[in-house]
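First the structure, in the form of structure tokens, and then the observations on it.
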Amino acid sequence: MKVLTQEITLDKTSVKLFIRREDLIHPFISGNKFRKLKYNLLKAKNENHTTILTFGGAFSNHIVATAFAGKESGFETIGVIRGEELSIKINENPTLKFAQECGMKFVFVTREDYRLKTSEKFISELKQNLGSFYLVPEGGTNEFAIKGCEEILSKEDSFYDFICCAIGTGGTISGLINSSKSHQKVLGFPSLKGDFLKEDICKFAKNNNWNLISDYHFGGYGKVSEELIVFINDFYKKNVIPLDPIYTGKMVFGVIDLIYKNYFPKNSKILLIHTGGIQGIKGMNIKLKNKNLQTIQIND
Ligand SMILES: *Cc1c(COP(=O)(O)O)cnc(C)c1O
């Protein structure tokens, strides 16, 4: 699959910046979620499963992607959703509403129960209540997801010196690391606070040419600042490339900030991976409006 790469012009730097538009792969199964589901759906088909079960929060790109991909490939889908209070608010939540329209069924659980989601007891209770299913972990990350993410980079991409991506669970960066070349450096920008990521990435990553840059989470997962929103709107005006506020907006903000702090050597060629997530803008704008804050101005 050939995905569009665009150059982003920057003033007053010798660095060359490019962005790989994985967000254009599919309107609903966007970016890395497409990559992560590909081999999981194949495995589920090969094992004759009829139902896919997965996990996610209120605005999860992965929930939307699984709901839509499931419908397209003939699977029933079940989403275990973090937050019991959401069960009566589906119509106010564009992410859950869309997933439901794709036929996804929901199991709403408390935040405490959600934390147990990887325990055998929790999963066997789900099986007792719901029948058999193929389980895709939160964020879609497992060995089959990594295999799909390894396909983001191809031979020609050895041209780049740096490859940058946003991080949630670490699956995407693991795939990028595995298919990168030793002269390249892969930089990950976590969109959440926490030191656990490094260990998680080490489980899947086969090379050590990577680094985490933890200064651009903007307060944590799902948190945004006025400065970030202004940046996303400005970036859209200049480049007509939409960024999402949870992942790619923070990563691109971070890379450009580092460029002007001279983090990158002269004439470096940097590839940004646009992992998608544009569906999350609607939900974020509802939150911003409720707080009387500036919203994200992107035509979609
Ligand atoms: C899920 C997601 C990520 C995080 O990917 P991980 O593999 O979980 O690190 C990054 N960007 C976007 C747009 C996402 O939807």
Side-chain angles (χ1 to χ4, degrees), residues 3 19-40 54-69 82 95 98-99 136-153 163-179 186-194 196-205 210 212-214 216-218 220-222 224 232 241-255 272-284 296 298 300:
V3 179
I19 188 162
R20 171 75 33 90
R21 299 291 307 275
E22 295 269 313
D23 57 310
L24 300 176
I25 289 180
H26 191 285
F28 305 115
I29 317 169
S30 88
N32 61 350
K33 300 307 184 285
F34 181 94
R35 304 284 185 182
K36 292 168 131 193
L37 283 169
K38 179 179 168 186
Y39 291 107
N40 274 298
T54 196
F55 305 86
F59 299 101
S60 166
N61 298 324
H62 171 63
I63 286 291
V64 163
T66 306
F68 196 90
R82 180 172 166 273
T95 299
F98 180 85
V136 177
E138 182 181 44
T141 293
N142 59 15
E143 58 176 304
F144 303 101
I146 313 285
K147 182 173 165 188
C149 290
E150 287 172 3
E151 295 176 355
I152 296 173
L153 293 179
I163 293 147
C164 305
C165 73
I167 299 186
T169 60
T172 306
I173 192 172
S174 299
L176 291 171
I177 293 166
N178 291 350
S179 56
V186 184
L187 300 179
F189 292 73
S191 53
L192 67 173
K193 289 191 228 174
F196 52 93
L197 280 171
K198 214 163 192 148
E199 267 171 57
D200 288 352
I201 295 166
C202 287
K203 268 186 243 159
F204 292 113
W210 57 279
L212 295 189
I213 297 180
S214 306
Y216 297 98
H217 57 63
F218 289 83
Y221 189 73
V224 296
I232 289 172
I241 298 172
L243 299 174
D244 84 293
I246 314 282
Y247 296 104
T248 56
K250 294 179 180 182
M251 180 271 293
V252 178
F253 182 106
V255 172
L272 308 169
I273 307 297
H274 193 321
T275 39
I278 301 307
Q279 72 83 28
I281 291 175
K282 267 191 207 154
M284 179 58 77
I296 301 167
I298 278 164
D300 64 346

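In each ligand, atom 1 is the first atom listed, and ligand 1 is the first ligand listed. What you are looking at is a predicted structure, and each value in this text was computed from that prediction instead of being measured.
- Taking a cutoff of 4.0 Å between a charged side-chain nitrogen and a carboxylate oxygen, Arg82 and Glu138 do not qualify as a salt bridge.
- Within the structure, the salt bridge (charged side-chain N to carboxylate O under 4.0 Å, His left out) test picks out the following pairs touching residues 23-36 (sequence neighbours left out): Arg21-Asp23, Glu22-Arg35.
- The closest side-chain heavy-atom distance from Phe253 to Phe189 is not below 4.5 Å.
- Enumerated by chain and number, the residues approaching ligand 1 to less than 4.0 Å through a heavy atom are Asn32, Lys33, Lys36, Asn61, Ile167, Gly168, Thr169, Gly170, Gly171, Thr172, Tyr247, Thr275, Gly276, Gly277.
- A cation-pi arrangement, defined by a distance under 6.0 Å to the six-membered ring centre and an angle within 45 degrees of its axis, is present between Lys147 and Tyr39.
- A heavy-atom distance below 4.5 Å is not found between the side chains of Ile241 and Val252.
- Two rings, from His62 and Phe55, have their centers 6.0 Å or more apart.
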